[in-house]
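These notes concern the structure reproduced below.
Just so you know, these numbers come straight off a predicted model, no measurement behind them. Below, chain A is the first sequence line, B the second, and so on; all start at residue 1.
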Amino acid sequence: AQKITQTQPGMFVQEKEAVTLDCTYDTSDQSYGLFWYKQPSSGEMIFLIYQGSYDEQNATEGRYSLNFQKARKSANLVISASQLGDSAMYFCAIFDFAGANNLFFGTGTRLTVIP
Amino acid sequence: ETGVTQTPRHLVMGMTNKKSLKCEQHLGHNAMYWYKQSAKKPLELMFVYNFKEQTENNSVPSRFSPECPNSSHLFLHLHTLQPEDSALYLCASSQDGLDSRDTQYFGPGTRLTVL
């Protein structure tokens, strides 16, 4: 079974609007970490935000926030006030100890911001 | 220079060539990683080094040979590659790879084409 599922291959959003990118995960561990990365066309994977499984508050970093619903095993990324520079691939990833201390990535969502 | 750097950024090689990819991190981290990113597939972890010791070899063919001379440098030696090895090779580093909060920081990648 896939550890990370991103069901949206592509998303479009109008500039200055908010957008939610979906991520569901599969783990039997109680302790795990969830990460979101952005990959522009240049190729570099840029760390955006982290959510720990025991964190009671949803993580926020500037315009990025994570809608963490533990019971549903979902960790959706919300980008507020979209900018043209947000156009990129976005990857959700999970680190759990059942995965031999490795980070597992989803297949990504391509976000396009429309002016 | 800061962060994680990779050289070369682009590489074209024949199947009989031998080449090496270089990664350097300036973050004081103790864990380094090689990933392969092929089109339409999740990132694949290839190798993990913790404190210069290889702790993971994710069933990678022997035509890929990693080397970690110190905690700041990581190499991937390539020989007799196949066309299906063409991909983006990403290097990452993290504090120690032992905790679910351990964030991996990536380099810009080497785009490899095997003819």
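With a 4.5 angstrom heavy-atom cutoff, B/Leu43 touches chain A via backbone and side-chain atoms both. With a 4.5 Å cut-off on non-hydrogen atoms, A/Tyr32 touches chain B through its backbone but not through its side chain. With a threshold of 4.5 angstrom between heavy atoms, B/Arg9 approaches chain A through side-chain atoms but not through N, CA, C or O.
The CG atom of B/Leu88 sits 9.0 Å away from atom CE of A/Met45, with the distance rounded to the nearest 0.5 Å. Note that CD of A/Gln51 is 9.0 Å distant from CZ of B/Arg101, once rounded to the nearest 0.5 Å. Rounding to the nearest 0.5 angstrom, the gap separating the OH atom in B/Tyr35 from the CG atom in A/Leu103 is 4.5 Å.
Within a 6.0 Å sphere centred on CD of A/Gln57, other residues, nucleotides and ligands contribute 12 heavy atoms or fewer. Enclosure of atom NZ in B/Lys19 is not indicated, since only 12 or fewer non-hydrogen atoms of other residues, nucleotides or ligands lie within 6.0 angstrom. Other residues, nucleotides and ligands contribute only 12 or fewer heavy atoms inside 6.0 Å of the NZ atom of B/Lys41. Environment of CD in A/Gln30: sparse, with no more than 12 heavy atoms of neighbouring residues, nucleotides or ligands closer than 6.0 Å. The environment of CZ in A/Arg63 is crowded: more than 12 heavy-atom neighbours from other residues, nucleotides or ligands sit within 6.0 Å.
Counting heavy atoms from C-beta outward, A/Phe105 and B/Leu45 have side chains that stay 4.5 Å or more apart. Counting heavy atoms from C-beta on, the side chains of B/Thr103 and A/Tyr37 come closer than 4.5 Å. Contact check for A/Phe91 versus B/Gln37: side-chain heavy atoms found under the 4.5 Å cut-off.
B/Tyr89 is connected to B/Met15 through a chain of hydrophobic side-chain contacts under 4.5 Å among Ile, Leu, Val, Met, Phe, Trp and Tyr, so both are in one cluster. Linking ILVMFWY residues whenever their side-chain heavy atoms come closer than 4.5 Å, directly or via other members, places A/Ile79 and A/Val13 in the same cluster. The same ILVMFWY cluster, assembled from side-chain heavy atoms under 4.5 Å apart, contains both B/Val60 and B/Met13.
Among all heavy-atom pairs drawn from A/Thr107 and B/Pro42, the shortest one is CG2-CG, 3.7 Å.
Between chain A and the residues B/Ser94, B/Gly109, B/Gly107, the largest count of heavy-atom pairs under 4.5 Å involves B/Gly107.
Outside the 6.0 Å centre-distance limit, the rings of A/Phe47 and B/Phe106 are not counted as a close aromatic pair.
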